[in-house]
**Q** 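Sharing a structure with you now.
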Amino acid sequence: MAFVLTLIGAALAVGLEMLEALAIVLAVGLERRFRDSLLGTAGAAAALAALAVVLGPVLLSRVPLEPLRVVIGAFLLLFGLEWLRKGVLRLAGRRSRSDSFKEFVEEREALHELPPPPPGEADWAARAIAFKGVLLEGVEVILIVTALGARPGGLAPALIGGVVAIAAVIGIGLVAHRPLSRLPETHLKYTVGVVLSTFGVFFAAEGLGVEWPGSDAALLYIALAFVLLSQLQIAVISQRGRTAEAVAS
Amino acid sequence: MKTLRQLRKLVLGETWSLPLGIGIALGIAALIHEVAGEWWEQAGGFILLGLAALALSISLGGVLIAHASQGRSARRR
């Protein structure tokens with residue numbers, strides 16, 4: 001149970017974040033030069049690898065297990081509840097839907113207005129945009145995978161999920177040369193929010209001495225509780241929004 | 001500065017209410033854990049789940065308040 005949920009959570013979180021990074025890398029490559037876009041991406045990947053090497057061993061070997069579970073739970077709750085909050089607002093129609101393809105188009109339009117570099121010179125603006133885009137999306141990926149992988153038996157599914165997702169996103173980039181426009185990103189991000197929040201509550205409670213009834217099966221009823229609560233919140237916010245609009249018109 | 005702001009947004013999220021709510025929820029849970037008896041082992045998880053759900057609901061409460069004030073100002077017009 002925990003293996004499958006960790007794998008799904010890691011794969012979805014990494015895949016969705018990397019799709020956003022892909023939108024920036026492709027936009028920079030198509031609008032400027034792919035060489036500069038890929039150099040910026042390589043720089044960010046090196047910085048992220050260094051962060052992962054530092055963060056992973058520190059978390060896994062230096063911090064005692066019980067406090068570690070609370071820290072991991074806190075991080076997962078921070079990410080999970082934030083993804084869930086945005087998901088509720090998007091599904092209730094109070095926030096624009098998540099769309100990597102739209103970001104790709106907007107990024108290209110913004111880059112089009114930047115003056116090109118002199119011929120034969122390095123395009124530092126393009127490199128910096130690709131570097132920053134990949135770094136910012138990648139930091140969240142590193143933190144989520146590290147947190148999911150830090151629990152006993154969690155490293156393998158977290159890494160497998162992450163690697164499969166990165167390979168899939170690179171494949172999409174190589175084949176399609178643009179982010180997929182029909183991916184249900186809003187619903188997928190909502191799912192990631194539920195999965196990460198579930199693990200967050202599960203780990204933090206274990207770190208505080210809780211023994212969940214049903215052991216790993218608790219993941220199922222915690223997830224169900226988050227789904228029911230968030231669906232209720234979506235219904236209430238949608239209803240209030242419709243009422244406010246009806247009164248205003 | 002802008003990158004630092006973006007990093008803060010990535011780690012803590014877009015609002016202050018959610019990270020504060022999570023911090024308070026974990027603080028309350030840790031406090032109860034210290035003073036509670038054996039019942040905490042069985043029931044503590046559900047208390048933390050309730051506190052996390054409350055933190056999420058409060059962070060979304062701002063949206064509901066904004067709608068309510070929108071409705072009131074529209075009715076006045």
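Treat the numbers as computed from the prediction; the structure is a model and nothing was measured. The chains referred to below are lettered A, B, ... by the order of the sequence lines, with proteins before strands, and numbering in each begins at 1.
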**Q** Taking non-hydrogen atoms and a cut-off under 4.5 angstrom, which of residues 42-55 of chain B neighbour chain A?
**A**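 So far as heavy atoms go, B:Gln42, B:Gly44, B:Gly45, B:Phe46, B:Leu48, B:Leu49, B:Ala52, B:Ala53 are the residues that approach chain A to under 4.5 Å.
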
**Q** Give, for atom CZ of A:Phe75 and atom CD1 of B:Ile22, the distance between the pair rounded to the nearest 0.5 Å.
**A**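 That separation rounds to 11.0 Å.
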
**Q** Rounded at 0.5 Å granularity, tell me how far CG in A:Leu208 sits from CG in B:Leu26.
**A**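 If we round to the nearest 0.5 Å, A:Leu208:CG and B:Leu26:CG are 7.0 Å apart.
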
**Q** Would you mind checking which part of A:Leu143 comes under 4.5 Å of any heavy atom in chain B, side chain (CB onward), backbone (N, CA, C, O), both or neither?
**A**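 For A:Leu143, side-chain heavy atoms alone lie under 4.5 Å from chain B.
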
**Q** Side chain, backbone, both or neither: which part of B:Leu56 has a non-hydrogen atom closer than 4.5 Å to chain A?
**A**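 Both parts, heavy atoms under 4.5 Å.
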
**Q** Donor-acceptor pairs are to be reported for all side-chain atoms of residues 213-236 of chain A against protein atoms at under 3.5 Å, with residues two or more places apart or in another chain.
**A**
{"residue": "A:Tyr221", "atom": "OH", "partner": "A:Pro213", "partner atom": "O", "Å": "2.6"}
{"residue": "A:Ser230", "atom": "OG", "partner": "A:Tyr190", "partner atom": "OH", "Å": "2.6"}
{"residue": "A:Ser230", "atom": "OG", "partner": "A:Phe226", "partner atom": "O", "Å": "2.7"}
{"residue": "A:Ser230", "atom": "OG", "partner": "A:Val227", "partner atom": "O", "Å": "3.1"}
{"residue": "A:Gln231", "atom": "NE2", "partner": "A:Tyr190", "partner atom": "OH", "Å": "3.0"}
{"residue": "A:Gln233", "atom": "NE2", "partner": "B:Ser57", "partner atom": "OG", "Å": "2.9"}

**Q** With rounding to the nearest 0.5 Å, note down the distance linking CG in A:Leu89 to OG in B:Ser59.
**A**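 Output value for this atom pair is 8.0 Å.
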
**Q** Going from CD on B:Glu14 to CZ on A:Arg85, what distance comes out if it is rounded to the nearest 0.5 angstrom?
**A**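 One finds 5.0 Å between CD of B:Glu14 and CZ of A:Arg85.
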
